[in-house]
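Atom set for the values below is all heavy atoms of this structure, side chains included, hydrogens, waters and symmetry mates excluded. None of the values given here were measured: they were computed from a predicted structure. Chain A is the first sequence line, chain B the second, and so forth, proteins listed ahead of strands; every chain is numbered from 1.
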Amino acid sequence: MPRTNVVQSGRPPRIRRSSPQSAKAPEGDWSADEIRSLQTSLKAWSKRTPRDMPWRGVGDPYRVWISEIMLQQTTVAAVVPYYERFLARFPDIATLANAHEQDVLSAWEGLGYYSRGRNLHRAAQAVMSNHGGEFPRDVEALRGLPGVGRYTAGAIASFAFDVKAPILEANTQRVYARLAGDEGDPRTSDGQTRLWNFAERILPARGAGPFNQALIDLGALVCVPGRPKCEECPLVHLCRAHRAGRQDQIPPAKARPKVTDVHEAVMAVRRNGTWLVRQRQPGERWAGMWDFPRLPLERPIETPGKAFAGLQDALMDSTGLHALPAALLPHFSHSVTRYRIHLARVVANYAAGEWSQLAEVRWLKLEELAALPMPMAARRLVRDLDQPGWAPDAPFELSSTSGRRRNAKPR
DNA sequence: CTCCAGGGTG
DNA sequence: CACCCTGGAG
């Protein structure tokens, strides 16, 4: 029987003491009956709402692990084709551990957040050397692997081994916050603590794997961001947010991070049908991957004539290479975390000189570039260089992407 | 074009 | 707490 519940007037609980079991936790007012009801209702729902994914229900920790790493910060639709190709190429953990990092990065090309790929490779080697080639079953040992945090460890443990381990990721975070009626910001460390505790409390003794997957599905299909579909929800009768009519406000939307514009020139330097590429160094963005030389730019290129002279000098200064800018490809922009990178894409003809750090530099034909892992912006440039739509001897023809800034054509 | 989604690390 | 990436939708 619920005792007089203190109505919390829309404010998150202020005082969180060290003890996570504090009776004032937002999940504290869930009775054992309600938790059982949650478990059975969710189970029934997941039975009639099956969601197929290639890595579901295989019980193979290697596959679960690969899929979970790929799914970090990446949507299911984007992952599926990568997952299939990756498994074909690295069918088991030993194969992956013995592969070259370059090949792992190639398989990862286009997925983004490439440290995931590098960590995947290192973790495979750790499983081979520290765990006899067998995935550890407990959360703590799993967390010791590079790239495996608390969520991924819980996912592997529960999905592959049915260990009673909670999970907290974007979907379940939303579901927990609404079920618990937690008005706080789930992204703060206090918020995370509360939601992890909630996740732990509602876990069934057996079947944690299917239970966790059902929660993810519920978040993805029903308890969606913005306006959740409470009419379809098997857990409405328990949902604190719904009870208070607060489901549209919980969890609070996150503030948009401000983006910084960055202007760069990518130089496609040509020499006898080959192109200059360099391997990005450890600590750089896209470490280990191959890219065309880039030069910082104060502002977007307005007049190619003037800019070309400056680029020629800058290239000389930073690489010792003498090359003559000859053409502009359509401008290209992409975002990297909080940066929006605007790329002027310059084709230049090699004239003289050698790049100082030879080890990390190669002159390659376009076909040969296919084999190297590259960031998407560089891959796009390779593709565009391959379309002979641009004219190396007609410098100012293709300077603008949208036609908005079509230069007066000298002709 | 802008907006959005999405865990782990040093 | 700053940093890491891309693709799809609108």
Discussion item. Between P on dC5(C) and CH2 on Trp108(A), what's the gap in Å once rounded to a whole number?
Written reply: 12 Å
Worksheet item: Can you tell me how far C1' of dC5(C) sits from CE of Met70(A), to the nearest Å?
Response: 15 Å
Discussion item. Between P on dC5(C) and CD on Glu284(A), what's the gap in Å once rounded to a whole number?
Written reply: 11 Å
Discussion item. Could you check whether any side-chain heavy atom of Leu221(A) comes within less than 4.5 Å of a side-chain heavy atom of Leu218(A), counting everything from C-beta outward?
Written reply: no
Worksheet item: Would a distance-only check, ignoring hydrogens and angles, find a side-chain to backbone donor-acceptor pair under 3.5 Å from Thr319(A) to Leu321(A)?
Response: yes
Practice prompt. Answer yes or no: is there an ion pair linking Glu101(A) with Arg118(A), defined by an N-O contact shorter than 4.0 Å?
Written response: no
Practice prompt. In whole angstrom, give the distance that lies between atom NZ of Lys258(A) and atom P of dC3(B).
Written response: 15 Å
Worksheet entry | Ile341(A) CD1 to dT6(C) C1', straight-line distance once rounded to whole Å | 12 Å
Discussion item. Classify Leu71(A) by what it touches in the nucleic acid, base, sugar-phosphate, or nothing, heavy-atom distance under 4.0 Å.
Written reply: sugar-phosphate
Worksheet item: Where the side chain of Arg174(A) is defined as all heavy atoms beyond and including C-beta, which of dG7(B), dG6(B), dT6(C) is the nearest nucleotide?
Response: dG6(B)
Restricting to nitrogen or oxygen on both sides, can you table the protein-nucleotides 8-10 of chain B pairs closer than 3.5 Å?
residue: dG8(B); atom: OP1; partner: Gly149(A); partner atom: N; Å: 3.1
residue: dG8(B); atom: OP1; partner: Thr152(A); partner atom: N; Å: 2.9
residue: dG8(B); atom: OP1; partner: Thr152(A); partner atom: OG1; Å: 2.2
residue: dG8(B); atom: OP2; partner: Tyr151(A); partner atom: N; Å: 3.4
residue: dT9(B); atom: OP1; partner: Gly147(A); partner atom: N; Å: 2.5
residue: dT9(B); atom: OP1; partner: Val148(A); partner atom: N; Å: 3.3

Worksheet item: Are Gln213(A) and Ser46(A) close enough that a side-chain donor and a side-chain acceptor fall under 3.5 Å?
Response: no
Worksheet item: When all nucleic acid strands are considered with a 4.0 Å heavy-atom cut-off, which category describes Thr75(A): base, sugar-phosphate, or nothing?
Response: nothing
Discussion item. From the set dA5(B), dG7(B), dT6(C), return the single nucleotide nearest to any side-chain atom of Trp286(A).
Written reply: dT6(C)
Worksheet item: Does Gln125(A) have any side-chain contact (heavy atoms from CB on, under 4.5 Å) partners at least two apart in sequence or in another chain, and if so, which?
Response: Ala97(A), His121(A)
Worksheet item: When you measure from the side chain of Arg256(A), which nucleotide among dG7(B), dC4(C), dC4(B) comes out closest?
Response: dC4(B)
Item to complete: In whole angstrom, give the distance that lies between atom CG of Leu111(A) and atom C1' of dG7(C).
Response: 10 Å
Discussion item. Does anything in residues 374-383 of chain A come within less than 4.0 Å of DNA chain C? Heavy atoms only, and list the residues if so.
Written reply: Pro375(A), Met376(A)
Worksheet item: Can you name the closest pair of heavy atoms from Pro304(A) and Leu328(A) and give their distance?
Response: CG-CD1, 3.9 Å
Worksheet item: Side-chain donor-acceptor pair under 3.5 Å between Glu109(A) and Tyr114(A), yes or no?
Response: no
Worksheet item: How would you list all residue pairs meeting side-chain hydrogen bond (donor to acceptor under 3.5 Å, both in side chains) that involve residues 87-96 of chain A, not counting sequence neighbours?
Response: Asp92(A)-Thr95(A)
Worksheet item: Do the two ring centres, one from Trp108(A) and one from Tyr82(A), sit under 6.0 Å apart?
Response: no
Discussion item. Within 45 degrees of the ring normal and closer than 6.0 Å to the centroid, is that where the cationic atom of Arg116(A) sits relative to Tyr113(A)?
Written reply: no
Item to complete: Scan Ala78(A) against the nucleic acid and name what it touches under 4.0 Å (heavy atoms): base, sugar-phosphate only, or nothing.
Response: nothing
Item to complete: For the residue pair His263(A) and His342(A), categorise the inter-ring angle as parallel (less than 30°), tilted (30 to 60°) or perpendicular (more than 60°).
Response: parallel
Discussion item. Please classify the nucleic acid contact of Arg338(A) as base, sugar-phosphate, or nothing, using heavy-atom distances under 4.0 Å.
Written reply: sugar-phosphate
Worksheet item: Heavy-atom contacts under 4.0 Å between residues 207-232 of chain A and DNA chain B, which residues?
Response: Pro225(A)
Worksheet entry | Pairs meeting criterion salt bridge (charged side-chain N to carboxylate O under 4.0 Å, His left out) with involvement of residues 219-230 of chain A, two or more places apart | Arg227(A)-Asp248(A)
Practice prompt. Determine the contact category for Tyr339(A): base if any of its heavy atoms lies under 4.0 Å from a base atom, sugar-phosphate if only primed atoms, P, OP1 or OP2 are that close, otherwise nothing.
Written response: sugar-phosphate
Worksheet item: Counting side-chain heavy atoms from C-beta on, which of dG7(B), dC5(C), dC1(B) comes nearest to Glu169(A)?
Response: dG7(B)
Worksheet item: How long is the line joining CG of Asn171(A) and P of dA5(B), in whole Å?
Response: 11 Å
Discussion item. In this structure, how many angstroms lie between the P atom of dC4(C) and the CZ atom of Arg116(A), rounded?
Written reply: 15 Å
Practice prompt. Would you kindly say whether Trp275(A) and Glu368(A) are connected by a side-chain donor-acceptor distance under 3.5 Å?
Written response: no
Worksheet entry | Side chain of Tyr113(A) (C-beta onward), nearest among dT6(C), dG6(B), dC1(B) | dG6(B)
